[in-house]
Asker: 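For reference, the structure I am asking about is given below.
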Amino acid sequence: MDYKEYQALKPAEWKQACETVEAINQSTDPCVRYKTSRPIIDLKHMLATSADLFADRPAFHVKDRVGGAYRAISYKEAKEDIDALGTALVSLGLKGKRIGIIGSNCYPWASSYLAVICGVGVVVPLDKELPEEELEGLMAEAEVECVIFGAKYEKMFTEMKKRGNVPLRFLVSQAEPKGEDVLSWRRLIENGKKLIAEGNTEYLDALIERDVMSALIFTSGTTGIAKGVMLSHGNLVEDLMSAPTMMEVYPTDIFFSVLPIHHTYECTCGFLMPLYKGASIAYCEGLKYITKNLSEIHPTLFLGVPLIFENIYKKIWSQAKKNGMDKKMRMVLSLNKVTKKIGIDLVPKLLKPVLDVFGGNMRVMISGGAAIDPAVLDGLAEFGIIALQGYGLTECSPMCALNPDKGMKNSSVGHVLPGFDAKIDNPDPETGIGEICAKGPHIMLGYYRNEEATAEALRDGWFHTGDLGYMDSDRFIYITGRKKNVIITKNGKNVFPEEIEYYLGRIPYVEESLVYGKESEESGEILIFAAIKPNREECEAVLGENCSDEQIRELLWKEIDGINEKLPFFKRIKKIDIRKKDFEKTTGQKIKRFVESNKGA
């Protein structure tokens, strides 16, 4: 169905058709849901149909000032702003050009992304944490001609434009501009609305080429090398139609947006997917405001990374222990397993303060970006929250697998999504572990201007993820480590550092860890070393407030000795380095392994 055919449908007819699809979607079989998902051709079609179906429902919850109250922006209002901004950008001569977007998660970022990709040109989401020199290099490589940015970047981009290394023609500030040569995001929308009122339909009538590059996303670079991933509308909408079939998403749901929106995990799953399903998005003011904002907006879905969820979960039990409530909590949770079988849920009444930590209405929490301790997911589930983990990469738009909301396996990163395929390449005969490969319409077009890397990653239609793992008979995927991270001992044994880090992460006195291999100067053997950032609060609870580093080291070794006893000799930790500073991380909260392991070496 193209746009003209869609527009010819009467709203009642379209709504009835979609209601029929939604009714079928109640099936617990993801494959049935997938076959009957609301069909969307591209993101422009998605936005148009959502704006019709959910016109007066809130699409975004925003704050006009830090510390202010949330206000809602409806689907109809958002669609009008997006169309106006797109019209204004086209009128500037930016049709078919590359347009960068940078800044915090906010409505101007989201509306700019949709305006660009739905009829202007290629959107280039930029990492706001990158240094100026690296940003300039990426923008030059991408040939960015316009950049839309948060207020604090105005001076940087004004100077960058003057230097002339990037073909920048237009600078657009999401706030009120300070410079004369900087355009205002808000005034562009106002100008666009005037142009539409005068009959300008160039943007509104723009047809989308479904299978050409529409988004150019530079990877966060945990290996130190950022590559430009080329995604199309087709890649993105196939992921949008498939991923929600594994779990229910309702128009009444409110997604809490915390993760950097330029990453595909947050962009596809926490931004585009709620708009596809008619739900709404509430923007967090920043990591330090998570608890405050949760209590203000009362969201129902929360996408995060293991670090966020594990910290929240640990703090709940730590606080309970301080208040002498941990035994009562355990008793209630244990009893609740019995009473729930007869329809009585004790948690909402007896453990209300815990639920209030998540805003009081939390329904689903999804972890991605790295493997999470299944015990944390199981623990969150005891509080009545559906806690899942998924698996994906930027090159897969990003979702490859997701645990279903019914019948999940929390030790797995998820079930292969309907309509997509996965396999284990060159599996070990004994363990079944090999490289995870993915195939389907969600796989990237390739790496931008990097044919060699594209040929290495895309072989015979399969994308080689670089992740190692295995798949069970039910098509659930289990990750054991990253191919490039594997430590190979002198006798050819493979050690997955992620496995050892998982065991260390279960020690209450460990906040974070990084495991790496180092050659012994005496024997020449590859030994397993661990850099550990202790959980100071937990250590002090046992050792006292004035405990020394040496006492902490002894406490950690007692726990590590217990781990070592259960591991084969070649996997055992031989040395630990205690650190006080946080590990250097990407904006996706992944430790920059190549940086930190080199420090350790």
Side-chain angles (χ1 to χ4, degrees), residues 219-225 306-307 369-373 391 393 411 413 424-437 456-457 464-470 477-507 510-534 553 556-557 559-579 582-586 588-601:
T219 57
S220 56
T222 56
T223 60
I225 302 170
L307 183 64
I372 188 172
D373 184 350
Y391 169 62
L393 304 93
S411 57
V413 293
I424 305 300
D425 186 53
N426 194 25
D428 181 274
E430 295 182 10
T431 64
I433 294 173
E435 184 176 12
I436 299 167
C437 297
E456 176 63 23
H464 290 248
T465 65
D467 289 320
L468 296 173
Y470 61 95
I477 295 174
Y478 300 78
I479 293 180
T480 55
R482 186 80 181 149
K483 194 175 180 180
K484 292 180 179 178
N485 300 341
V486 173
I487 302 165
I488 302 175
T489 64
K490 291 290 185 180
N491 60 359
K493 296 286 188 179
N494 290 341
V495 179
F496 302 108
E498 294 89 347
E499 177 192 1
I500 314 299
E501 289 161 5
Y502 165 74
Y503 296 136
L504 290 173
R506 303 199 80 170
I507 299 173
V510 173
E511 187 170 309
E512 287 187 285
S513 68
L514 178 79
V515 171
Y516 57 95
K518 186 175 180 181
E519 187 173 334
S520 168
E521 293 180 0
E522 297 176 0
S523 66
E525 289 292 320
I526 300 297
L527 304 180
I528 305 303
F529 284 38
I532 296 173
K533 182 173 186 291
R553 182 183 294 276
L556 289 171
W557 266 120
E559 298 288 336
I560 292 170
D561 285 341
I563 292 172
N564 279 344
E565 286 178 7
K566 299 174 184 177
L567 293 174
F569 187 79
F570 67 90
K571 288 186 179 181
R572 292 179 182 177
I573 298 169
K574 301 299 192 299
K575 180 184 176 183
I576 62 173
D577 294 319
I578 307 297
R579 58 183 295 147
D582 288 336
F583 289 102
E584 191 172 333
K585 299 184 184 73
T586 68
Q589 296 303 299
K590 292 181 182 179
I591 294 174
K592 290 184 177 179
R593 191 176 291 273
F594 76 99
V595 171
E596 295 294 350
S597 59
N598 285 338
K599 286 180 184 176

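One-based numbering along the sequence shown.
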Asker: Can you find a pair of side-chain heavy atoms, one from Lys575 and one from Leu527, that are under 4.5 Å apart?
Answerer: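 No, their side chains stay 4.5 Å or more apart.
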Asker: Return the minimal non-hydrogen interatomic distance between Val515 and Ala530, and the atom names on each side.
Answerer: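 Where Val515 meets Ala530 most closely, the heavy atoms are CG2-CB, 4.2 Å.
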Asker: For Arg482 and Glu498, which heavy atoms make the closest approach, and how far apart are they?
Answerer: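 Where Arg482 meets Glu498 most closely, the heavy atoms are N-OE2, 3.0 Å.
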Asker: Please determine whether side chain to side chain contact (heavy atoms under 4.5 Å, CB included) holds for the pair Leu393 and Asp467, giving the CA-CA distance in whole Å, both sets of side-chain angles, and the decisive distance to 0.1 Å.
Answerer: CA-CA 10 Å; Leu393 304 93; Asp467 289 320; 4.0 Å; yes
Asker: At their closest point, which heavy atom of Leu514 faces which heavy atom of Tyr516, and how far apart are they?
Answerer: O-CD2, 3.9 Å
Asker: For Glu456, enumerate each residue passing the salt bridge (Lys or Arg N to Asp or Glu O under 4.0 Å) test, keeping only those at least two apart in sequence or located in another chain.
Answerer: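 Result, salt bridge (Lys or Arg N to Asp or Glu O under 4.0 Å) vs Glu456: Arg459.
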Asker: Below 30° counts as parallel, above 60° as perpendicular, anything between as tilted: where do the rings of Tyr478 and Tyr470 land?
Answerer: parallel
Asker: Over all heavy atoms of both residues, which pair between Gly517 and Ile487 is shortest? Give the atoms and the distance, please.
Answerer: N-CD1, 3.4 Å
Asker: To the nearest 0.5 Å, how far apart are CG in Leu307 and CD1 in Ile372?
Answerer: 10.0 Å
Asker: Flag the pair Asn485 / Phe496 as yes when at least one side-chain heavy-atom distance between them is below 4.5 Å, and no otherwise.
Answerer: no
Asker: To the nearest 0.5 angstrom, please state how far the CD1 atom of Ile560 sits from the CD1 atom of Ile532.
Answerer: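 Answer rounded to 0.5 Å: 4.0 Å.
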Asker: What closest approach, in Å, do Leu468 and Val486 show between heavy atoms, and which atom pair accounts for it?
Answerer: CD1-CG2, 3.4 Å
Asker: Return the CG to CG distance between Leu556 and Leu504, rounded to the nearest 0.5 Å.
Answerer: 9.0 Å
Asker: For residues 561-568, please give each side-chain donor-acceptor pair under 3.5 Å, one per line with the distance, not counting sequence neighbours.
Answerer:
unit_1	atom_1	unit_2	atom_2	d
Asn564	OD1	Ile573	N	2.9
Asn564	ND2	Ile573	O	3.1

Asker: Could you tell me the separation between the OG atom of Ser411 and the CD1 atom of Ile479, rounded to the nearest 0.5 Å?
Answerer: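 Rounded to the nearest 0.5 Å, the OG-CD1 separation comes out at 12.0 Å.
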Asker: Here's one to test your reading of the geometry: is the NZ or CZ of Lys574 within 45 degrees of the ring axis of Phe569 and under 6.0 Å from its centre?
Answerer: yes
Asker: Between Glu435 and Gly466, what is the shortest heavy-atom contact and its length?
Answerer: OE2-N, 2.8 Å
Asker: How long is the gap from NZ on Lys533 to CD1 on Ile591, to the nearest 0.5 Å?
Answerer: 10.5 Å
Asker: Return the set of residues passing salt bridge (Lys or Arg N to Asp or Glu O under 4.0 Å) with Glu499 (not counting sequence neighbours), or none when no residue passes.
Answerer: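 Result, salt bridge (Lys or Arg N to Asp or Glu O under 4.0 Å) vs Glu499: Lys571.
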Asker: Is any side-chain heavy atom of Ile433 closer than 4.5 Å to one of Asn494?
Answerer: no
